[in-house]
Every structure is written in C-alpha cells, then in structure tokens.
Protein chains: 2
Amino acid sequence: MLNLKKIVVLKNNLAHFNSVFSVDCVIFGFDEGELKILLIERNTVPYINWWALPGNLINQNETLDASANRILYELTGVKDVLMEQYFTFDGVKRHPQGRILTVAYYAILRLSTHKTLKPVTDFAKDAAWINVKELPKLAFDHQQIVEKGLEKIKNQIKNQPIAFELLPEKFTLTQIQQVYELILDKKLDKRNFRKKILNFNILKELDEKQEGVSFRAATLYKFDKRKYTQFFGKGISF
Amino acid sequence: MLNLKKIVVLKNNLAHFNSVFSVDCVIFGFDEGELKILLIERNTVPYINWWALPGNLINQNETLDASANRILYELTGVKDVLMEQYFTFDGVKRHPQGRILTVAYYAILRLSTHKTLKPVTDFAKDAAWINVKELPKLAFDHQQIVEKGLEKIKNQIKNQPIAFELLPEKFTLTQIQQVYELILDKKLDKRNFRKKILNFNILKELDEKQEGVSFRAATLYKFDKRKYTQFFGKGISF
DNA sequence: CCAAAAGTGTTCCCTCTACACCCATGC
DNA sequence: GCATGGGTGTAGAGGGAACACTTTTGG
C-alpha cells in the first residue's frame with residue numbers, strides 16, 4: 001500500500017511526472033497501384049469508432065523502438081517491422097485526458113505480405129489499409145502526423161532506394177515507376193526513368209515475365225542487395 | 001492536501017506517469033574560423049561540474065518549442081533563437097534518477113551577437129562556446145546528441161543556405177567557404193565554390209572591403225533576403 | 001620584395017530533359 | 001485487328017569537377 005512518504009514524493013515530483021508518452025505509427029504499403037497506410041478503428045474513448053493511426057502509450061522500461069513495435073503488433077497484428085522515428089508531436093492540447101507527447105514512427109513495407117490484419121487487443125476494433133488519397137477524418141492530430149510522414153518519405157525516396165521495400169520480390173519497371181510517381185506526386189518520363197534506375201545497377205533482370213495480363217508481358221526484375229549495399233549513401237534524385 | 005481519491009487516481013496512472021521529458025539544445029556558432037557549440041558547466045547532480053548541452057526538464061503547459069527556448073535562456077542567457085527539433089532520444093538508462101526522454105533541438109546562430117553568456121539560474125555554473133573539434137567529455141549521452149546534430153546540419157547545409165546564419169551581416173566569400181568546409185568536413189575548390197554561390201544570386205556585393213588585414217582586402221558581401229525567399233526550396237549541393 | 005590571401009576562365013564530361021514510335025500479347 | 005501497356009535512342013543544354021596564375025596589400 002501507499003505510505004505517506006511515498007505520497008509526498010509523488011506529490012513533489014508531480015509537476016514533472018504527469019506527462020505521458022505515446023507512439024504513433026505511419027505504415028506505408030503499395031498495392032494495386034495505390035499508396036496506402038495502415039489504420040485502425042478505435043474501440044476506446046476518446047474518439048471511439050474513429051479511424052486513427054496505430055498508436056498507444058509506451059510502457060516503462062521499454063525503448064521507444066520497442067514500444068512502436070509492440071503497439072503496432074497489438075493493434076494490427078503486423079510484426080517485425082523496421083520503423084524509424086521522425087518527429088515528436090507536442091500534445092499540450094492534443095488529448096482530452098491531458099498532456100500527451102507523441103513520437104511518430106514510419107515504415108515502408110511490402111503490403112502483400114501483410115494483407116491479413118488482426119488486432120490482438122480490443123483497443124482496436126479493426127485494422128485496414130487505406131488509400132492515402134482517400135483518407136477518412138482521423139482521430140486526434142493524426143492527419144497532421146500523416147502529412148509529415150508523407151513529406152518524410154518524399155524526401156527519402158529521392159535519396160535512398162526505399163521504393164523496393166514497397167514492392168513484391170519480383171516487379172516490373174513500371175511498378176517501380178508508379179511507386180515513385182505516387183510518392184513524389186508527379187508524372188515521370190518513362191524512358192528517362194528506366195535509364196536512370198537501371199544505371200544505378202541495383203536491379204537484376206530476371207528471365208521471367210509478368211503473367212496473367214492481357215497485353216505484352218513486362219520483364220520482371222529483382223532488387224540486388226549486394227549492389228545496393230555498395231550503392232547506399234550516394235542517393236538518387238528525381 | 002491530498003485526499004484519498006486523488007491518491008488512488010495517481011496510483012492507477014502511475015505506470016504511465018513516471019516518465020519525464022526533457023529538452024537538450026545543440027547550438028552552433030562560427031567564430032575565428034571554428035565551428036563551435038554552446039555548452040554549460042553543470043552545477044547539480046548528477047554529473048556535477050561536467051560539461052553538458054543546455055538542457056532540462058520541460059514544464060507542464062509549455063510546448064516543446066517554448067521549453068527549448070526557456071531552457072536555453074535559463075542556462076546560457078541566450079534568447080530568441082529559432083531552434084528546430086531533430087530527434088527524440090530514448091532514455092531508459094539515460095539518467096541515474098530514472099527514465100527520461102529527451103527531445104533534441106538544434107539551431108545555428110551568429111556567434112558574434114551572443115558572445116556574453118550568463119546563466120540566469122544556478123543549474124549551470126558557467127556557459128561557453130567550445131570548438132566542435134575539441135569537445136570535452138560530456139554528461140549523459142550528450143556526445144551522441146551532438147554527433148547526430150552535426151549530421152543534421154551537414155545534410156541541411158547542402159539543401160538550404162543556412163551558412164549565412166552563422167556569419168556576421170557582412171562577410172567575405174572566403175568566410176562562407178570556411179563554414180561549408182567546416183560543416184561538410186572537406187576542402188572545396190575556391191573557384192568552383194565562388195561560381196556556385198554567386199550563381200544562386202542570393203548575395204549582394206557591397207562597396208566595402210575587409211579592414212585590418214595585412215594582405216589584399218576581400219570584398220564584403222551581404223545576404224539578400226528577398227532573393228533568398230524566391231530561391232528557398234531549390235537546394236544547393238556540394 | 002616578400003608573404004598572404006584575393007580574385008579570376010576554360011575545358012571536359014556527365015547527367016538531365018524533352019520527345020514519338022514500333023512491339024508483343026490477349027481477346 | 002485492335003486495345004493495352006512494354007520497350008527503346010538521340011540531341012541539346014546545363015552543371016559539376018579539375019586545374020594555376022596574376023593581383024593587391026601591409027609590413
């Protein structure tokens with residue numbers, strides 16, 4: 001039980017100990033020609049029944065990175081994602097319950113390997129991949145967090161070949177171009193794009209072709225990790 | 001006084017309410033051909049008498065940005081600096097007193113206008129500008145925070161003309177080049193540098209010359225804010 | 001006249017850009 | 001045979017990198 005001494009200590013520190021930390025995750029995926037993000041439908045107040053980013057309070061003795069992974073898993077069933085922190089949002093008026101500071105994480109992943117989503121706690125009612133261009137109204141300041149995340153990957157895709165992490169193992173050049181166009185939000189010239197991306201020598205042409213299309217089948221490519229490693233750091237710009 | 005109800009509420013929330021937020025500031029300045037950062041000498045345990053970044057706990061009802069400004073002022077006497085958040089450090093084992101999460105801020109400023117430093121609280125014993133290349137051992141994980149800050153401005157100087165914020169109002173081309181060389185940590189070709197920087201059309205050549213030097217006096221330049229604004233966003237690369 | 005830094009052009013190469021038509025395939 | 005996307009080349013412009021000597025000034 002609480003003894004008086006403890007209470008006094010608590011009270012003295014109160015000014016500094018009534019902030020709460022949380023983590024929100026912006027997870028990007030690419031599917032059917034669309035850039036999507038992973039959202040949950042909240043099952044708790046406040047904002048019950050609203051769509052929101054997977055996010056929750058962090059635990060004690062848990063690093064931020066570990067929190068992000070745990071929370072993402074609990075709310076969506078998605079596991080083992082390498083996320084990166086990109087901004088800390090200042091929540092003086094952010095949460096009706098009081099002050100919350102939120103560290104925002106993002107990641108980019110192969111949507112095809114994470115199609116089935118299943119929240120493992122009842123904090124979330126449901127989870128789904130939603131087209132970035134058709135987002136519903138989001139809880140809290142999640143709209144803003146998503147926007148900043150989009151900016152972030154826009155900058156990153158110009159400097160690191162992250163596009164491949166969105167694609168299936170084997171992909172066509174047109175698919176990569178689509179990813180770039182979606183993220184940069186502009187049309188790119190097909191010939192110039194292909195020249196450029198092939199010049200980096202980080203792709204391996206396969207003997208296979210696309211299947212099941214009703215037009216000329218495109219050659220499939222694979223991402224060459226060994227060359228990528230050499231390449232890393234140089235950067236690409238479009 | 002505390003009533004029982006309040007205590008219970010406190011206790012229930014305890015798991016989430018015993019993290020503490022702090023802010024650390026990495027302030028860059030340029031002087032006498034050296035890139036310096038602003039450090040304080042701590043006057044409190046832990047790490048009493050150690051050099052450290054200006055940093056402290058944030059207050060309730062204070063935005064992160066406001067905290068950073070207040071803390072910088074209290075510990076160094078430096079006021080009204082536009083700082084930018086760049087990373088949140090995860091302090092599970094960071095502080096002997098318990099868990100602390102630290103939001104790191106950086107700024108770049110004209111050292112000449114902030115030469116006199118004077119802590120206004122006795123949390124800091126002293127404050128000083130220290131050459132980045134000759135840093136003492138720093139308290140906590142401040143070494144790491146500084147390194148990440150250096151990376152940050154390295155990336156930024158390639159894309160935004162932040163160098164001017166380090167220089168006095170009137171400066172020579174050689175001085176800007178020095179700033180670039182210090183931050184990028186490599187030698188640049190004089191002719192190419194001058195061509196490039198002048199081509200951006202963000203400098204205004206003055207009728208004045210350098211004074212008090214025992215060699216040919218260099219032309220002074222001024223930063224042209226109007227042209228800068230048009231220019232902003234295009235980026236520079238070296 | 002010497003030391004110290006200021007100031008100044010050219011060439012080569014590579015990369016970016018703009019641009020349009022034929023090819024293979026499934027239906 | 002037609003609709004659909006796959007696949008290809010070239011010319012011109014602009015920017016980056018490499019490179020060395022003359023000028024000005026104070027002491």
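No hydrogens, no waters, no symmetry mates; every other heavy atom, side chains included, goes into these values. Here is how names work: the chains are called A, B, and so on, in the same order as the sequence lines, proteins then strands, and each is numbered from 1.
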Euclidean distance, atom NZ of residue A:Lys187 to atom C1' of C:dC19 [Å, nearest integer]
16 Å
Looking across every strand, which nucleic acid part, if any, lies under 4.0 Å from B:Thr172 by heavy atom: base, sugar-phosphate, or nothing?
nothing
Heavy-atom nearest nucleotide on DNA chain C for A:Asn199 versus B:Arg194: which residue maps closer to 5'?
B:Arg194
Residue pair A:Ser22 / A:Thr102: nearest heavy atoms and the distance that separates them
OG-OG1, 2.6 Å
Euclidean distance, atom CD of residue A:Gln210 to atom C1' of C:dT25 [Å, nearest integer]
11 Å
Can you check whether B:Thr174 has a side-chain N or O nearer than 4.0 Å to OP1 or OP2 of C:dA6?
yes
Rounded to whole Å, how long is the line connecting atom OH of B:Tyr221 with atom C1' of C:dG7?
9 Å
For nucleotides 18-27 of chain D, just jot down a letter per nucleotide in 5' to 3' order: B, S or -, based on protein non-hydrogen atoms under 4.0 Å.
BBB--BBBS-
Tell me if the NZ atom of B:Lys125 is crowded by more than 12 foreign heavy atoms within 6.0 Å.
yes
With a 6.0 Å cut-off on the ring centroids, do A:Phe223 and A:Phe171 count as close?
no
B:Ile197 CD1 to C:dA6 P: how many Å, rounded?
15 Å
Between C:dA5 (C1') and B:Leu173 (CG): distance, integer Å:
13 Å
B:Asn131: side chain to side chain donor-acceptor pair (under 3.5 Å) partners, not counting sequence neighbours
B:Glu34
Ignoring hydrogens and geometry, is there a side-chain-to-backbone donor-acceptor pair from A:Gln177 to A:Leu188 under 3.5 Å?
yes
Residues B:Lys148 and B:Asp141 bridged, charged N to O under 4.0 Å
no
Kindly check if the number of other-residue, nucleotide or ligand heavy atoms within 6.0 Å of CG (A:Leu82) is above 12?
no
How close or far is atom P of D:dG15 from atom CZ of B:Phe193, stated in whole angstroms?
17 Å
Atom-pair distance (CD1 on B:Ile176; P on C:dG7), nearest Å:
12 Å
Take the protein atom NZ of A:Lys209 and the nucleotide atom P of D:dG5, then report the distance between them rounded to whole Å.
17 Å
